[in-house]
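Numbered from 1 within each chain, the chains take letters A, B, ... in sequence-line order. Predicted, not measured: the structure shown is a model, and the values here were computed from it.
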Amino acid sequence: MTSVYFDHAATTPVDPRVLEQMLPFFCERYGNPSEVHRLGRDARTAVERARAQVAAGLGAGEKEIVFTAGGTEADNLALIGYLQRFEPGHFIISAIEHPAVMEAARALNRLGWAVDFIPVDGDGVIDVDAYEQAFRDDTKLASVMYANNVVGTIQPIAELARVAHEKGAAFHTDAVQGVGSVPIDVGALGVDMLTLSGHKLYGPKGIGALYVKRGTRLTPLIHGGGHERRLRSGTENVPGIVGLGAAVDLAQAQLAETRPRLEALRDRLARGVLESVPDVKYLGHPTERLPGNVAFTVRYIEGESMLLQLDAHGFMVSSGSACASGSLEPSHVILALGLGAEEAHGSLRLTLGRENTREEADAFIEVFPPIVDKLRQMSPLYVKG
Amino acid sequence: MTSVYFDHAATTPVDPRVLEQMLPFFCERYGNPSEVHRLGRDARTAVERARAQVAAGLGAGEKEIVFTAGGTEADNLALIGYLQRFEPGHFIISAIEHPAVMEAARALNRLGWAVDFIPVDGDGVIDVDAYEQAFRDDTKLASVMYANNVVGTIQPIAELARVAHEKGAAFHTDAVQGVGSVPIDVGALGVDMLTLSGHKLYGPKGIGALYVKRGTRLTPLIHGGGHERRLRSGTENVPGIVGLGAAVDLAQAQLAETRPRLEALRDRLARGVLESVPDVKYLGHPTERLPGNVAFTVRYIEGESMLLQLDAHGFMVSSGSACASGSLEPSHVILALGLGAEEAHGSLRLTLGRENTREEADAFIEVFPPIVDKLRQMSPLYVKG
Amino acid sequence: MYTDLVMDHFSNPRNVGEIEDADGVGQIGNPVCGDVMRISIDVDDDRIADVKFKTFGCGAAVATSSMVTEMVKGKTLAEAAEISNRAVADALGGLPPNKMHCSNLAADALHLAIQDYLVKAGREADVPQILKALPKDHAHSSH
Amino acid sequence: MYTDLVMDHFSNPRNVGEIEDADGVGQIGNPVCGDVMRISIDVDDDRIADVKFKTFGCGAAVATSSMVTEMVKGKTLAEAAEISNRAVADALGGLPPNKMHCSNLAADALHLAIQDYLVKAGREADVPQILKALPKDHAHSSH
Ligand SMILES: Cc1ncc(COP(=O)(O)O)c(C=O)c1O
Ligand SMILES: Cc1ncc(COP(=O)(O)O)c(C=O)c1O
């Protein structure tokens with residue numbers, strides 16, 4: 001039976017070459033990196049090697065990489081860890097951040113911090129004027145995601161970081177969807193902090209990292225033995241860290257090849273859908289978007305029912321951002337683009353990855369129109385044209 | 001060359017049977033449990049199965065298990081997550097807690113919480129009278145570790161929990177060293193929260209869990225998509241969670257066999273060391289201790305130098321608790337037993353595990369005395385008797 | 001997440017469509033909330049002779065709609081009026097907790113269709129007897 | 001953690017022991033801090049003719065002690081006085097950062113031994129010239 005995975009923004013498989021590098025660290029090279037004996041030293045060496053790989057992938061220094069247990073934790077460390085060093089003041093995020101940033105911002109808000117959510121235009125690009133005007137005397141941080149997980153739009157991060165610095169604030173970007181998909185250099189971007197996550201770039205789940213520019217001071221969220229230069233205590237997840245290093249390394253090596261290939265596949269898929277199904281609206285920026293992201297909304301029908309029908313036909317896609325809240329709310333991202341709630345409920349996200357082929361894209365374009373048709377026949381909102 | 005691992009309290013190898021259960025979840029069953037399609041549902045099923053395994057291992061309900069990225073995080077969630085719901089008041093911990101509890105307590109202290117550190121006796125057992133008297137009207141929580149990571153002493157948790165409840169406070173225990181080594185039933189203990197960690201029980205690093213008794217309310221430390229019933233956001237570490245479930249399951253199945261075997265090995269090793277080296281003091285409680293813990297202090301010489309010499313002979317041990325702080329301070333645990341700093345510097349910890357044999361114990365007893373001798377010859381503190 | 005029975009009703013929904021010149025039509029939900037269900041019935045001798053549904057919504061919304069049509073066909077109005085949203089969910093072997101509130105309104109749509117029939121048939125007086133509690137169109141607190 | 005050279009000096013320490021009736025003896029550190037180093041020297045014609053050490057402490061403490069004895073044998077007192085703790089660490093290919101402060105005092109112990117020799121030899125006046133800066137026994141701030 002067909003089995004096509006178009007949900008790489010939710011998570012990727014671990015690349016077998018990455019797993020291969022992780023494997024020895026479970027049962028044989030299982031030392032605790034804090035221990036002085038040879039198994040401990042071996043584990044320490046592996047952790048530091050992975051740190052160098054991640055640093056190299058971002059153009060960062062090794063001492064600027066803090067391993068965390070994932071993207072969400074890294075985002076929380078960036079926002080809460082950075083701001084908690086100050087008396088409550090003000091900070092800025094975009095209106096389309098991932099819940100990891102959004103909810104960390106809400107938590108800070110409950111602690112007395114004022115926060116502005118900067119709107120985006122119809123393509124999902126942040127309103128740079130509104131952003132610039134939002135800064136106040138007591139603005140300590142701005143955080144804008146590198147690329148959106150739902151609609152794929154890439155933000156002008158270098159410009160946003162520059163503005164923040166001019167205004168005397170630090171700048172963080174959640175680059176979970178960007179790292180591994182597009183070239184990212186923290187120096188060129190000029191950011192103070194940057195989040196990445198293993199399982200979005202063919203590495204393991206449960207591991208991520210925060211780039212913290214030299215001189216940027218944070219307080220930890222998790223206290224204990226003082227690991228990760230005191231920023232994240234807890235025995236290091238050695239296989240996970242090794243896997244993250246290997247995954248970043250591999251992504252670097254493949255980027256030049258995969259990026260144009262995925263862009264072509266993405267555009268083929270988007271064109272195919274738009275041409276074969278009426279009343280479909282493409283979401284996100286036409287060009288400034290992630291290589292593998294195809295997002296659209298289908299009128300008169302609802303996302304989950306499309307998704308389940310597609311699943312029954314062997315196509316795994318997402319109806320928006322994956323999150324465990326079980327919320328039935330339409331995606332805040334799609335609403336922020338200016339769409340109505342009804343339209344937002346009809347959104348679908350296909351996110352392509354290394355292993356996807358043109359045949360798979362073409363198969364999708366075959367299967368999708370009759371599914372839409374079937375669901376529209378069932379919909380009380382649909383009036384045959 | 002000899003290679004004997006006596007450092008299971010620092011970390012254990014992943015049992016190959018545990019790894020085997022984890023393996024499919026890296027490259028094949030890699031779904032994000034929040035996703036609705038079949039790979040997502042498959043991952044969700046695996047996570048919930050593991051939750052049931054962990055719950056069964058503790059005599060808990062499935063809804064009472066929160067997965068975290070390790071023991072340190074679970075300890076922090078217990079203390080900070082529980083107390084942050086209240087206005088700052090008072091709480092109680094023992095003087096020999098792991099840094100994960102100790103430093104979380106210090107962080108709360110900086111937020112305005114008063115904390116009492118309850119002393120222990122020469123065997124490492126908490127002073128129950130002092131504990132009882134420490135409770136105040138505004139005492140919200142007491143946290144005492146189940147078993148100490150350095151000297152292995154097991155505390156009278158059921159009694160301590162009962163006292164806390166009588167005084168109107170909640171009770172948490174860090175059972176990272178206990179779970180998998182001794183039978184633990186949260187109902188019999190009567191605790192409100194209990195911490196465990198995968199890599200101490202032949203499961204993977206970077207995964208742990210907090211038992212949270214039904215009705216005990218916490219605020220999360222890490223905010224985002226609302227995973228783990230909102231208590232720990234972030235895409236689930238599916239292979240890690242599966243590994244933790246499998247490890248708890250396996251430990252349960254093996255406990256009846258391994259526990260008496262390790263106790264016998266422990267006592268043999270302790271006796272052997274005490275009989276063959278003069279001026280050695282056994283640390284911790286003679287009987288109320290972890291099955292695999294042998295801790296002692298050797299006068300006139302220093303722990304790390306013993307450890308390195310032992311390492312050169314193929315024996316991997318620890319000179320105290322493993323933590324990344326790089327602190328050269330003598331262990332706060334050993335000082336709390338009433339030993340002087342000089343003696344504390346000479347402490348050594350051998351922690352046995354499933355795969356250790358009697359031959360290995362005997363080999364240690366052969367190798368150790370000449371090492372002590374060599375180092376004593378080198379020591380300016382040693383005056384030949 | 002969904003039981004096999006939910007998936008079956010979702011994939012092969014029973015009684016999809018709209019009865020032309022139906023004796024009664026009930027609609028509930030609104031597209032902003034992501035779920036709209038419309039049920040039309042024909043009534044014969046106080047029994048539901050035919051029933052069809054159209055639904056905009058998630059898998060649970062479609063499956064509950066399909067299930068309720070199966071449950072009531074041939075039933076008396078009074079029997080049909082006894083069927084609750086909860087009973088529909090139970091008949092499907094349960095629904096995920098987050099789907100219980102918004103996506104499980106098919107019985108309510110049916111009750112509105114019965115009311116519509118009664119009113120159209122000039123039996124307004126029977127409404128309170130047959131339909132003990134009429135659904136309010138939820139204000140969907142979450143919006 | 002430790003370089004191979006550190007491990008070599010730790011495992012096969014050079015010049016372990018105590019010179020009987022030594023011309024000069026210096027001791028630094030204290031057991032509470034976990035590091036005590038004692039260096040004894042014999043001086044001949046203003047040169048270090050023999051040197052031995054005893055050390056209580058970690059791998060770094062032993063290795064720096066061993067290394068400093070190798071570095072100074074045959075050196076003039078003035079040359080030996082120039083050797084800093086830092087230079088000893090460098091000669092070992094570096095030490096872990098957390099070992100730089102407490103466990104790297106062997107040069108200080110040597111300087112105290114030189115001072116002891118000068119005082120015993122009635123050359124107290126030479127002390128300031130030869131030993132530019134005398135080590136204070138660290139109060140070890142961390143305690
Ligand atoms: C943009 C973005 N930020 C943060 C996260 C959270 O990362 P993780 O799942 O590793 O916690 C995700 C994915 O879930 C994401 O897409
Ligand atoms: C008693 C105790 N508590 C907590 C921890 C921390 O657990 P983890 O290493 O999983 O963060 C450890 C081990 O490091 C421990 O021994």
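- Cation-pi geometry between A:R354 and A:Y202 is satisfied (NZ or CZ under 6.0 Å from the ring centre, within 45° of the ring normal).
- Proximity to chain A is absent for every atom of B:I241, based on heavy atoms less than 4.5 angstrom apart.
- Looking at heavy atoms from C-beta onward, A:H37 lies in side-chain contact with B:D7 at the 4.5 angstrom threshold.
- Most heavy-atom pairs under 4.5 Å with chain B, from the set A:E28, A:R41, A:M102: that is A:R41.
- Within the 4.5 angstrom heavy-atom criterion, no atom of B:S197 approaches chain A.
- Side-chain contact between A:T11 and A:K200 is absent, with no heavy-atom pair separated by less than 4.5 Å.
- Only the side chain of B:R232 comes within less than 4.5 Å of a heavy atom of chain A; its backbone N, CA, C and O stay farther away.
- Of the two parts of B:I222, the backbone and the side chain both hold a non-hydrogen atom closer than 4.5 Å to a non-hydrogen atom of chain A.
- The candidate from A:T219, A:V18, A:V317, A:D15 with the greatest count of non-hydrogen atom pairs under 4.5 Å with chain B is A:V317.
- When A:T235, A:L77, A:L23 are compared by the number of non-hydrogen pairs under 4.5 Å with chain B, A:T235 comes out ahead.
- Using a 4.5 Å heavy-atom cutoff, the side chains of B:S143 and B:L79 are in contact.
- If you measure heavy-atom distances from A:T68 to chain B, you find no contacts under 4.5 Å at all.
- No close placement of the B:Y5 and B:F315 rings is indicated, their centers lying 6.0 Å or farther apart.
- Residues A:F25 and B:K205 form no side-chain contact, since every pair of their non-hydrogen atoms from C-beta on lies 4.5 Å or further apart.
- A heavy-atom distance below 4.5 Å is not found between the side chains of B:M145 and B:V101.
- Under the 4.5 Å side-chain criterion, counting only non-hydrogen atoms from C-beta, A:S318 is in contact with B:E35.
- Heavy atoms closer than 4.5 Å to chain B are found in both the backbone and the side chain of A:D311.
- Contacts between B:L39 and chain A at a heavy-atom distance below 4.5 Å involve backbone atoms as well as side-chain atoms.
- Heavy-atom pairs under 4.5 Å with chain B were tallied for A:G224, A:G243, A:P16; the largest tally goes to A:G224.
- Counting heavy-atom neighbours within 6.0 Å of B:E48 CD, excluding the residue itself, gives a total above 12.
- Chosen from B:H223, B:R29, B:R106, B:E103, the residue pairing most often with chain A at heavy-atom distances under 4.5 Å is B:H223.
- With a 4.5 angstrom heavy-atom cutoff, B:N237 touches chain A via backbone and side-chain atoms both.
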